[in-house]
Amino acid sequence: MLKKGLMVCAVLLLALTAACGGGNSGNNGNKPTNAPEPTTDNSSTTEPAAPAGLKGNFEIQYFVGGYGDAWWKEVIEEFQKANPDLKIKQSAGPEINDQMKPRWIQGNPPDVVYIDGKGSNERQMIDDGQLLDLTDFLASATNPDGDKVSDILISQPTAYDGGKNFTLPLVFGSWGIFYDKALFKEKGWAVPTDWASFLAVSEQIKGAGTSPLIHTGVYPYYINGGLIDSAMVAANGGDGSILTKQAALEAGSFSSDAVKTALNQIVELRDKGFIDKGAVSLNHTDSQSQWLQHKAAFIPNGLWLENEMKKDIPAGFDFGFIPSVAQAAGANSIVIPYTNTIAIAKDAKNPDAAKAFLQFVFTKQHAVRWAELTGAIMNVKADLDSSSAGSVVKDAMKFFNSDKTTVAPVAVLNADVEKAKQDATLALTVGKIQPEEWMKRLEDAAAKARK
Amino acid sequence: MSQRAKRKFFIAAFIIPTLVFFCVFTLYPIFRGIYISFYDWSGSAKNMDFIGLDNFRELLKDPIIWTAIKNDYFLVVGKVIGILLLATLFAIAITRLNIRGSSFYRVIFFIPNIISVVVIGVLWRYVYNPNMGFINSFLTLFKGEQVQTAWLGQENTAMWSLLWPSIWAGIGFYMILLIAAILSIPSELYEAADLDGASQGRQFWSVTVPLIWEQMKVSILHIVMTTLNGSFIIVWIMTEGGPDNSTQVMGSYLYQMGFRQYHMGYAAAIGVLILILSFITTVVLQRLLRRETIELA
């Protein structure tokens, strides 16, 4: 029996270590990795893009999820045509992040990586020193149309470690509050434009026997992104640097007055009974389908929502989107963006081709094709009106283009602090803790992560 | 080849392949896991920093690991009692009490065992759903007002809510095991007991239990081991360790730390802790359950 017990333990450990099996050779991964045919032509980094005659091997890793791979195949084919001598390898699929992990650990990564999906984390890749510093490259990069890449981006690259850029945002989206326009019209509820009107209409909704706000309790980052982050920026006078400071783990950034104000707004929702009682135990699909069935009026979520729930949307349901509700009357709406980024590996064997590819991709035509092929927004200011992007996305675009909207910077928290934030927020929404405890937990987590 | 060499070759032909597999897939991972637990490693970086026992020191100071251990043993105790009680009851009912359609019940009780734990988790999430679930709808009938208890979302009900599906999912296998044990008891023993005027209860305690004790012991140890190592799945499907880490078990916390928060070294240390606790628990149980084995002559 004892042996059997040991065996069972062993199986568990096996599962653990199998997952990091590639780590075995990680220790000797310091040897220099030479390109089979190194391209030494440095001029390609400053030239407009894709100079004809890029040579050697070029490998790109991209995750295939909700956005599919049609856009990637199309763009890579064009890139191949522009560079007939380049040998391009595509490493793609829904499990590609896990499949490629051993190669990253061994120091033999692909040249370009699109960071998205299960098993990928931009910040961790930077912390692990796997991505190339793109700061100088991005400062001067231009695309084949002659546009400066940084001029046409909707969301600028996230600044890490004191202003360095390692990633270039490729997909742009926004958190926000969603509601059913048809339901609001039918019941005569006013669409909120600020905090006071949000409270007023919530009172009305509650009076009608519906929960005003439902959220994805098992994944509290939805309510963080859709409600709390925008509330913090709004309370900070629309200054999004508060999020950047938090991402940089600055002491005190999680306990400033703006944070306190924002948390007190959540407490107000909680104490007035506006948050659905069951939400705490719901995952995203549960809460989203209950929202679609009008069990609740508002849900904090991301712009992928309509696409994700496509099959379950009842007839007559009309998606409405508000970027934020926590702002004072007359103040700007706050957009909390999320992005999926593309980057170059630090150990890339063909960095010139990698840079050329990035320049090649960031054009307005490719952005329109992205919207048409994926229904989402590429991080390039392009005219989507004529494209086949979804109505919510077009609605959201109007907010992004409005001068009554402030777009906050993208700030990615350290994974430990992020988890602490999610736990604390959930505990706050059910009344287990008060704002002081939330701030203390986050300050502690940030202090620990700083070490 | 001499007879002796032949014999040795014959034995080796069976042992060596098994031993190789055992080393590659069991021993190597164990030692690899222990090795990683001495390092500060994100799980994806090229570099691993040796930090000695720091991961384990950290572990002792981590309040979540204590919650996880407590929850693990809550499930162990709950499942051993719940599963064994019900499995024995059903096994007796099906074999000893003359119930009509007993083979039908045997199949019915076994069904949860052929359903994947993932499906069980998803099914029970629906049962517990605060707004549309079976339990709350049922309670609403009696209370007259809408019941909105978030069974999986309240710290005082969440662990209990995980226990029932775990028990429900486990009964079938152990029931079959005990049925087989009971059926192997010669009917003469029961006839003799009947003639001596022993009641059904008396027969159960004096004939059945001693003769199926070995199987009960196996069941208990097996439940303990699978719970300590496998409760990860049901927790991850139903609550992901939430709310606020209150349903975290060691396995789910290991996954959270290793794959969500990128502390693979720390996760490996949790793995080592699971190994140690499983080992200790098994040894202690072996002692506790030692009882004279009664064998049929």
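Both backbone and side-chain heavy atoms feed into the values below; hydrogens, waters and symmetry mates do not. So you know, we letter chains A, B, ... as the sequences are listed, proteins then strands, and number each from 1. The structure presented is a predicted model; accordingly, all values stated were derived computationally and were not measured.
- Using a 4.5 Å cut-off between heavy atoms, B:E155 touches chain A through its side chain atoms alone.
- In this structure, A:D416 does not pair ionically with B:R260, as no charged nitrogen and carboxylate oxygen lie closer than 4.0 Å.
- Residues B:E240 and A:Y219 form a side-chain contact, since some pair of their non-hydrogen atoms from C-beta on lies under 4.5 Å apart.
- Taking A:Q422, A:Q290, A:K295 one by one and counting their heavy-atom pairs under 4.5 Å with chain B, the maximum is reached by A:Q290.
- Heavy atoms closer than 4.5 Å to chain A are found nowhere in B:Q154, neither backbone nor side chain.
- A salt bridge links B:D244 with A:K432: at least one charged nitrogen is closer than 4.0 Å to a carboxylate oxygen.
- The shortest side-chain heavy-atom distance between B:P130 and A:S281 falls under the 4.5 Å cut-off.
- Considering only heavy atoms from C-beta on, A:K277 stays 4.5 Å or farther from B:T149 through its side chain.
- When side chains are defined from C-beta on, B:S44 counts as touching A:K101, because their heavy atoms get closer than 4.5 Å.
- Within 6.0 Å of CZ on B:F50 lie more than 12 heavy atoms contributed by other residues, nucleotides or ligands.
- A:D286 has its side chain within reach of B:R125: a pair of non-hydrogen atoms, C-beta onward, lies under 4.5 Å apart.
- Note that OG of B:S42 is 7.5 Å distant from CD1 of A:I105, once rounded to the nearest 0.5 Å.
- Between B:P243 and A:V280, the shortest heavy-atom distance links the atoms CB-CG2, 4.2 Å.
- Of all the heavy atoms in A:S120 and B:Y262, the pair that sits closest is O-OH, 4.0 Å.
- Note: B:N131 leads B:T281, B:N131, B:L152 in heavy-atom pairs under 4.5 Å with chain A.
- In this structure, the portion of A:K448 lying under 4.5 Å from any heavy atom of chain B is its side chain and not its backbone.
- Counting heavy-atom pairs closer than 4.5 Å to chain B, the top residue among A:T425, A:L426, A:L282 is A:L282.
- Residues B:T239 and A:V218 have side chains not in contact (no heavy-atom distance under 4.5 Å, counting atoms from C-beta outward).
- Here the straight-line distance linking atom CG of B:N129 with atom OG of A:S289 works out to 8.0 Å at 0.5 Å rounding.
- Between A:Q293 and B:M132, the closest side-chain pair of non-hydrogen atoms falls below 4.5 Å.
- Residues B:W41 and A:D128 are not in side-chain contact: their nearest non-hydrogen atoms beyond the backbone lie 4.5 Å or more apart.
- When each of A:D127, A:I214, A:V430, A:D276 is checked for heavy-atom pairs under 4.5 Å with chain B, A:D276 comes out on top.
- At a 4.5 Å heavy-atom cutoff, A:R123 makes no contact with chain B through either its backbone or its side chain.
- For the residue pair A:N414 / B:Q261, no side-chain donor-acceptor distance below 3.5 Å is found, with atom types taken as modelled.
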